[in-house]
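Right, one structure below, let's go through it.
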Amino acid sequence: MQEIQSDDYKVWYDPDTMTIYCQGSLRLSGMDEYAPIVELLNEVVEQNPSLIILNLQGLEFLNSSGISIISRFVIKVRQKNNIKMIVKGSDTIPWQKKSLKNLQRLMPSLSLE
Amino acid sequence: MSPEKNKDLQQEIEHLRSQIDFLKLEKNDLEVLLETTLAHADLIEAELHESNERLKAEVFERERIQVALEASQANLKALLRILSQEKKDLEIILETTVEHGDFVENQLHKQTICDPLTGLFNRRYLECCLIREVKKAENQEYSFGIIMVDIDHFKKFNDTFGHKAGDLVLKKIGTFLLKHIRSTDIACRYGGEELTVILPEAGIEVTKAKAEKICEGVKQLQAKYLGQSLGQLTVSVGVACFPEHGRTAGEVIQAADAALYLAKTEGRDRVITAESLPLFQANITYERCIPQQFLNFLDRQTTVDFKHNADVQKNMTVLFADIRDFQNLSESMTPEDNFKFINAFLSRIRPAIVKHNGLLNHYVGNAVMALFSHSADDAVKAAIAMLQEITEYNQTRQRPERPPLSMGIAINTSSLILETMSGYTQVDGTVISDTISLASRLQRLTQHYELSLLISHYTFLGLEDANQYGIRIIDQVQLQKNTQGITIYEVFEADPPLQRQGKIATVTDFEKALLLYKIGSFSEALELFQHCLQQVPEDRVTQVYLQRCQENIHRVNSM
């Protein structure tokens, strides 16, 4: 599964640029609803790429369950030990300025752009 | 050999033989001992050997366990490391999620209380704040002010320059407001082009001054849209304060709104405070003859909800009651007993009034006034209930020095126009006082006719179904010069059963007789009245009319 789409959001992986894109407004209720996205993320990790870029520049809104999913994803990447991770965010989206810094606490080698 | 030597030798041999025997015994003993000892030693050795083997096994076991423990410990250490890391991770995730959640929630909350265009609060938040401000006044002296700002000719902006220009003007004035209020003041967008400011802890002077500043300041603003100047901006401002201009949040807002409306009608670009409103100026005279309570009572019964310019017609029914011959009664009691009596009396009749949506207003002495805004029927039912109460009470009062009480009640109705101007209600005070004075005059008539309950034709017409009560016409009276005649009706529902039956039976004849009397056929009227009197001998009204007929016949005859 390389792409998940709905009226509010779109999540997809581009293997050529090794980037996972999250766009729109993610407001799913709980782990059950996020399961497909979690699966997509896990699949990328399983492929053991040397680099994963997580592009959130188009993610306008993210709820608490969503930030939790992303945090767990970062841990998974860290546990693999030899995957480099970059997270791309946007200065104009208010929540990103605050919350993305916490991802670095989970994985110090993560770069935030 | 000598025999002595032989004896000696024999003795020695004997000795030696006994020694040998002894030694043999000893040897035996020793052999036994040795055997025993050897056997014992073997046993001990065997035990020791077993013990040794066991110990060796134990040591082996212990060493094995030690190795296992060390392995286990190493495992646990590794597990601990992993769990610690996971705990740290979870703590971070938790913190992240909570911070994120708080941030997003805060953002969303701001959105619910703010107006997206101007950045000011929205109306919903304002209404919360108002309630909070009024609550502050519950336990202490407290005042706050309201400034209502309305942008002049706003529609013109939209029509001439487009909605975006209108938005720009709103934004500009909104920003201006924010700059010129205190940090504790609450500015909000109240409507399309209306902005409102609450000033906590501000009195009328402070609020007015701020309003003037705002009014003047807006004129200095320069608004440009797409390079084009939008002309001079002006605002109309209404000012009201709590508690001077209202006792509830709604009342103060209505006062400010009415003041704003006045500002608009008087030419815009100005500040008007609620003091200038006619109702506040007339308030003093109102209090004197009309209970302020009643205005509130009426107001509360009307659902006035920030509507503009709706005139509401309401029916107001006044009930007047007193105890006949109260003068004599009160003179026979001590002041204390008088007081107790009045209170007991009021407490008896209050339930009857309240049950029928009435407002009881104790008038003077034993005279009582009650006001009803729902329907005339309410008043009539209440009056009947009151009379029944008194009848019941009389049954408990049977003592020679305590004559039974009798009560006379009159009811009058009129319709009021509640002018609603920008949500603020006004009432013509003369209508109220006229209605009340008419009711009180009618009440005096009850004494004259010795009736319990009289109603005016206004009330009669206001009844939903007059047939459910025992009613008959009594008379047509003119209580004041240059006023219309009033037809009065008796409601005899609460009469003693026999009397009531009698009146029901004779009502048609009685009213026919009245008609005859009115048109001048006194003799025929007299006949009918006599017929009625036979059935209800104690009917004072019939007696009065009989007398009138006789007088008139006499007068006609003597002409």
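A, B, ... follow the sequence lines: proteins, then strands. Residue 1 opens every chain.
- When all heavy atoms of B:V237 and B:A211 are compared, the pair lying nearest together is CG1-CB, 3.9 Å.
- Classification of B:K164 and B:D167 as a salt-bridged pair fails, no side-chain N sitting under 4.0 Å from a carboxylate O.
- No side-chain donor-acceptor contact under 3.5 Å links B:S72 and B:N75.
- A distance below 6.0 Å separates the ring centres of B:H180 and B:F176.
- If you measure heavy-atom distances from A:L62 to chain B, the contacts under 4.5 Å come from both the backbone and the side chain.
- Comparing B:L90, B:V98, B:I92 by how many heavy-atom pairs each has under 4.5 Å with chain A, the most go to B:I92.
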Between B:I173 and B:V218, is a side chain to side chain contact (heavy atoms under 4.5 Å, CB included) present by the stated rule, with each step listed? CA-CA 7 Å; B:I173 297 186; B:V218 166; 4.2 Å; yes
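- For B:F161 and B:Y225, the gap between ring centers reaches or exceeds 6.0 Å.
- Under the 4.0 Å criterion applied to side-chain N and carboxylate O atoms, B:E127 and B:R124 are not assigned as salt-bridge partners.
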Show the pairs of one donor and one acceptor atom, one from chain B and one from chain A, lying under 3.5 Å apart.
{"unit_1": "B:D89", "atom_1": "OD1", "unit_2": "A:R78", "atom_2": "NH1", "d": "2.7"}
{"unit_1": "B:D89", "atom_1": "OD1", "unit_2": "A:R78", "atom_2": "NH2", "d": "3.4"}
{"unit_1": "B:D89", "atom_1": "OD2", "unit_2": "A:R78", "atom_2": "NH1", "d": "3.2"}
{"unit_1": "B:D89", "atom_1": "OD2", "unit_2": "A:R78", "atom_2": "NH2", "d": "2.4"}
{"unit_1": "B:E95", "atom_1": "OE1", "unit_2": "A:R105", "atom_2": "NH1", "d": "3.1"}
{"unit_1": "B:E99", "atom_1": "OE1", "unit_2": "A:N102", "atom_2": "ND2", "d": "3.4"}
{"unit_1": "B:H100", "atom_1": "ND1", "unit_2": "A:S99", "atom_2": "OG", "d": "2.8"}
{"unit_1": "B:H100", "atom_1": "NE2", "unit_2": "A:L62", "atom_2": "O", "d": "2.6"}

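- Residue A:I75 touches chain B through its side chain alone, counting heavy-atom pairs closer than 4.5 Å.
- Under 3.5 Å, the side chains of B:T234 and B:D152 contain a donor-acceptor pair of N or O atoms.
- For chain A, the nearby part of B:L108 is the side chain; its heavy atoms alone come within less than 4.5 Å.
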